[in-house]
> 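First the structure, then my questions, so here it is.
In what follows, chains carry the letters A, B, and so on, assigned in the order in which the sequence lines appear, proteins first and then strands, with residues in each chain numbered from 1.
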Amino acid sequence: MKRLRSFAPPVLASTALALCLAFTPAGSAAAKDLLTIDLVNEPSSLDPQGQWNPDSYYVYRNIFDNLVTRDNEGTIVPEVAASWQRLSETEMEFTLRDDITFHDGTPLTAEDVVFTVERITDPAFGSPQLGQFNKIVKAEATGEYTVVLTTDGPYPVLLPQLVKLSIIPKHVVEEVGDDAFNLAPVGSGPYRFEGWDRGVQVTVTRNDDYWGTKGEFPTVTFRAVPDAATRLANLQAGAADLVVTLDSDQAMQLENSATAKPLIVQTERVGYFALNSTKPPLDDVRMRRAIAEAIDKEGIAEGILAGGERVVGEMVSPAHFGWVDGVDPFPYDPEAAEALIAEIGEPAKTPMELATSPVFDQRVVQAIQQMLTDVGLNVEIRMTDMATWLKDQQVEDAAAPMLTFSRWSCACQDADGIMFPLLHSSSGWSRWSSPEVDAALEEGRSVLDEDARLAAYSKVHDIVKEEVPIIPLYQAAIIYGGNAKLEWQPTANESMFLNRMSWAE
Amino acid sequence: MGRYLARRLGQALVALFGVMTLIFFVQRLTGDPTYLLVPETATQADIEAMRASLGLDRPLLVQYGAFLADMARLDFGRSYIQNVPVIDIIASRLPYTLQLAGGALLVAFFIGVPLGVWMAVRRGHAEAKGFMGLVLAAQSMPTFWSGILMIMVFAVWNQWLPPSGAGGWKNLIMPSVALGLLSMATFARVARTSVLDELSKDYVRSARARGVTTGRLVRRHLLRNASIPVISIAAMEVSQLLAGAVIVETVFAWPGLGLLTVQSIVSRDFLVVQGVVLLGAFVTILLNFAADLLYSLVDPRIRLGGTS
């Protein structure tokens with residue numbers, strides 16, 4: 001049953017459309033004056049360095065420009081930085097555009113980029129994103145429009161991380177202070193901050209002096225609508241033009257609608273099943289393999305989630321650097337699993353806790369519990385709230401849960417962001433300790449040559465298939481709902497760039 | 001009267017202090033918000049740095065001392081998540097909660113009480129029984145269902161009302177009805193029981209013997225006597241409306257305190273939760289106090305201070 005629309009043609013269509021728009025004079029025949037977008041919650045902060053969640057960056061990535069960005073195909077392309085080159089293994093020089101001005105009219109220069117990097121990497125500032133940028137040890141303006149970033153070692157993931165670095169104006173932040181900047185952010189992006197009616201909505205207006213592709217909609221509001229059924233009703237009633245986070249049942253309702261449509265994209269989130277291989281009976285590779293073969297990956301992706309998820313056999317998705325074609329998922333073979341369990345005998349019946357929190361799709365958790373019970377294992381679901389779940393995951397091996405279902409996103413589309421934390425012995429999340437894996441992951445993190453990196457990750461994929469330290473399940477999809485006239489291609493990195501949207505009359 | 005007021009005020013302060021202490025420790029027992037604030041890829045050192053920047057690395061009693069000192073200065077602190085003063089967040093949400101509570105109370109009181117009185121007077125008649133069934137049905141319907149149903153009927157199929165959110169007075173109608181329906185049933189039942197109770201009393205029989213009409217009997221005699229339970233219920237319902245609007249606010253995306261509370265609890269935004277809980281405790285204590293004062297106005301037999 002293939003009821004989800006393919007997403008390749010819209011990519012081409014919207015790219016073509018974006019190109020056309022780029023050559024359309026600003027302000028000519030605005031098709032729609034106000035675009036209304038329903039998020040789940042309001043942004044926590046519009047200071048791009050003050051938070052880390054989609055509801056915030058959906059909004060502020062339109063107010064600010066990033067140092068580099070990804071196009072709709074996921075390729076890293078210039079934004080504030082027009083070009084870059086490596087000066088040495090640890091230094092990279094960025095040449096900035098000289099035609100960018102902040103919304104207050106001040107030009108964006110190298111000083112602003114340096115200030116941005118220094119602020120976000122200052123532990124005293126306490127940015128939740130510190131861990132994404134703290135490999136940068138120095139930022140230096142070597143000219144009015146040139147910046148050199150120095151990392152603490154060769155760091156191949158620098159550019160993917162810089163996709164998330166929104167450039168803030170030094171003079172404004174220094175003048176008004178962090179608190180006032182948080183309340184009235186000034187950026188250089190295609191939309192200006194207009195107002196924030198707390199708890200209700202954030203309004204942005206088009207920056208008609210923008211240096212790049214201008215937005216089509218003069219005004220855009222982002223509203224907080226926590227209930228998915230209400231977001232869907234808003235879309236159907238025409239009160240919202242774009243809504244986030246629908247499920248596959250709701251997408252199906254939209255398939256038959258004349259006024260609205262589902263917009264589906266495969267993200268860079270990977271669903272996985274983690275095993276605490278330091279504790280019996282999971283220290284036995286036969287046990288781990290039995291679990292991998294007892295889980296019906298296709299059944300979960302197509303029968304339960306049914307929103308465009310893709311079963312994977314490696315701990316990355318095709319949206320990541322590090323994806324290797326041709327690594328098959330673990331087969332679904334309950335008979336083989338039962339045979340392995342019979343071989344292990346009594347220890348296989350040891351009660352095991354499956355740690356979860358309401359954030360995760362409980363249908364999947366319960367299905368996995370059922371599949372494991374069906375082959376004769378003794379699995380109990382242990383539900384805690386998200387903060388407790390996170391804390392329980394980041395402890396020493398002996399205290400960590402036996403089984404965990406989770407989804408992981410590094411927001412960097414690079415294998416390093418998923419595989420290092422989940423498989424390197426030094427990480428609080430990892431339940432695997434192997435010099436071979438550690439060495440490959442360290443190589444992937446510190447070698448600049450792409451082929452060598454890919455070979456390193458390929459090696460880890462093979463070890464995962466062989467030793468089953470963790471079970472990759474699927475590449476998660478995300479479903480938005482849009483007005484039938486809205487033209488927009490959602491991307492794997494879950495950004496919502498307003499200047500890549502248009503309205504078809 | 002003065003002594004009574006002073007005593008009640010003392011009790012109120014003790015209760016507030018108790019709530020403050022309780023909410024402080026209960027929240028910290030539930031876990032650490034730091035993990036929710038950092039990305040998954042954060043290392044242990046990043047987590048420690050975040051915890052230190054929030055002041056959560058200090059011993060619990062030191063944190064408690066600092067908290068009490070802040071409270072004494074009426075400083076509610078800054079939200080961990082939004083990084084703005086808690087007092088500003090609550091102040092921006094409070095008007096919406098008051099509007100919604102007001103709207104719901106209007107629906108509940110002005111429909112519920114007359115309905116209850118009417119059902120008492122018409123006791124035993126088929127129409128009164130039918131209405132009682134309807135009232136119970138209204139109370140039993142879960143709001144996440146009845147709310148969505150209302151949105152579908154009045155906003156999606158017939159575009160008479162905005163489906164959700166805050167804005168004009170039209171936005172207030174559906175949430176008020178959805179929230180008011182729950183309390184309406186309570187008001188109707190209490191008013192009905194209370195009026196029935198009065199109807200069985202001697203003065204009613206003598207009034208009827210004197211030829212007083214039912215309408216006059218209800219207006220002049222019954223309502224005042226039957227109103228005490230309704231007033232106590234009203235005090236409780238108002239505090240519930242302020243605190244318990246969580247589901248209605250979620251369904252209708254109404255930006256009130258209920259929604260804020262849930263979001264803050266989920267994200268472990270301790271200081272916002274503390275602020276909302278303290279506000280709730282303050283309002284509850286105040287309303288109960290007001291109800292006590294009202295009793296004595298309605299029924300002079302209740303003497304404040306307890307001396308006779």
> Check B:S92 against A:R198 and note the closest heavy-atom contact, atom names and distance.
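Minimum heavy-atom separation between B:S92 and A:R198: OG-CB, 3.6 Å.
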> Please flag which part of B:L54 lies under 4.5 Å from any non-hydrogen atom of chain A: side chain, backbone, both or neither.
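When you check distances to chain A, no heavy atom of B:L54 falls under 4.5 Å.
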> Considering only NZ, NE, NH1 and NH2 on the basic side and carboxylate oxygens on the acidic side, decide whether A:D38 and A:R231 come within less than 4.0 Å.
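Salt bridge between A:D38 and A:R231, a charged N being under 4.0 Å from a carboxylate O: no.
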> Does any backbone or side-chain atom of A:N234 lie under 4.5 Å from a heavy atom of chain B? Answer side chain, backbone, both or neither.
both
> Please indicate whether A:F181 has more than 12 foreign heavy atoms, meaning atoms of other residues, nucleotides or ligands, lying under 6.0 Å from its CZ.
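Above 12, so yes.
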> With a 4.5 angstrom heavy-atom cut-off, could you sort out which part of A:A224 is near chain B: side chain, backbone, both or neither?
backbone
> With side-chain hydrogen bond (donor to acceptor under 3.5 Å, both in side chains) as the test, would you mind laying out the steps for A:T259 and A:Q236 before giving the verdict?
CA-CA 7 Å; A:T259 55; A:Q236 289 170 327; over 6 Å; no
> Please classify the contact of B:L260 with chain A as side chain, backbone, both or neither, using a heavy-atom distance under 4.5 Å.
neither
> Can A:W196 and A:E42 be counted as having a side-chain donor-acceptor contact under 3.5 angstrom?
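The answer is yes; a qualifying pair exists.
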> Do the side-chain N and O atoms of A:K164 and A:Q161 include a donor-acceptor pair separated by under 3.5 angstrom?
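Yes - a donor-acceptor pair under 3.5 Å links their side chains.
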> For A:W389 and A:A355, which heavy atoms make the closest approach, and how far apart are they?
NE1-O, 3.4 Å
> What residues of residues 141-156 of chain B sit under 4.5 Å from chain A when you count only heavy atoms?
B:I148, B:I151, B:M152, B:A155, B:V156
> Which bit of A:L183 comes within less than 4.5 Å of chain B, counting heavy atoms only: side chain, backbone, both or neither?
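A:L183 touches chain B through side-chain heavy atoms alone.
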> Non-hydrogen atoms of chain B under 4.5 Å away: do they reach the side chain of A:N134, the backbone, both or neither?
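A:N134 touches chain B through side-chain heavy atoms alone.
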> Considering only heavy atoms, which portion of A:Q393 lies under 4.5 Å from any heavy atom of chain B: side chain, backbone, both, or neither?
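Neither; nothing under 4.5 Å.
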> Are the charged groups of B:R78 and A:D179 less than 4.0 angstrom apart, N to O?
yes
> Are B:R51 and B:E48 close enough for a salt bridge, meaning some N to O gap below 4.0 Å?
yes
> Counting heavy-atom pairs closer than 4.5 Å to chain B, which one of A:S127, A:S426, A:A237, A:G50 comes out on top?
A:A237
> What is the minimum heavy-atom distance between A:P358 and A:D385, and which atoms define it?
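Scanning both residues completely, I find the closest heavy atoms to be CD-CA, 4.3 Å.
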> Identify which part of A:D47 has an atom lying under 4.5 Å from any heavy atom of chain B, answering side chain, backbone, both or neither.
neither
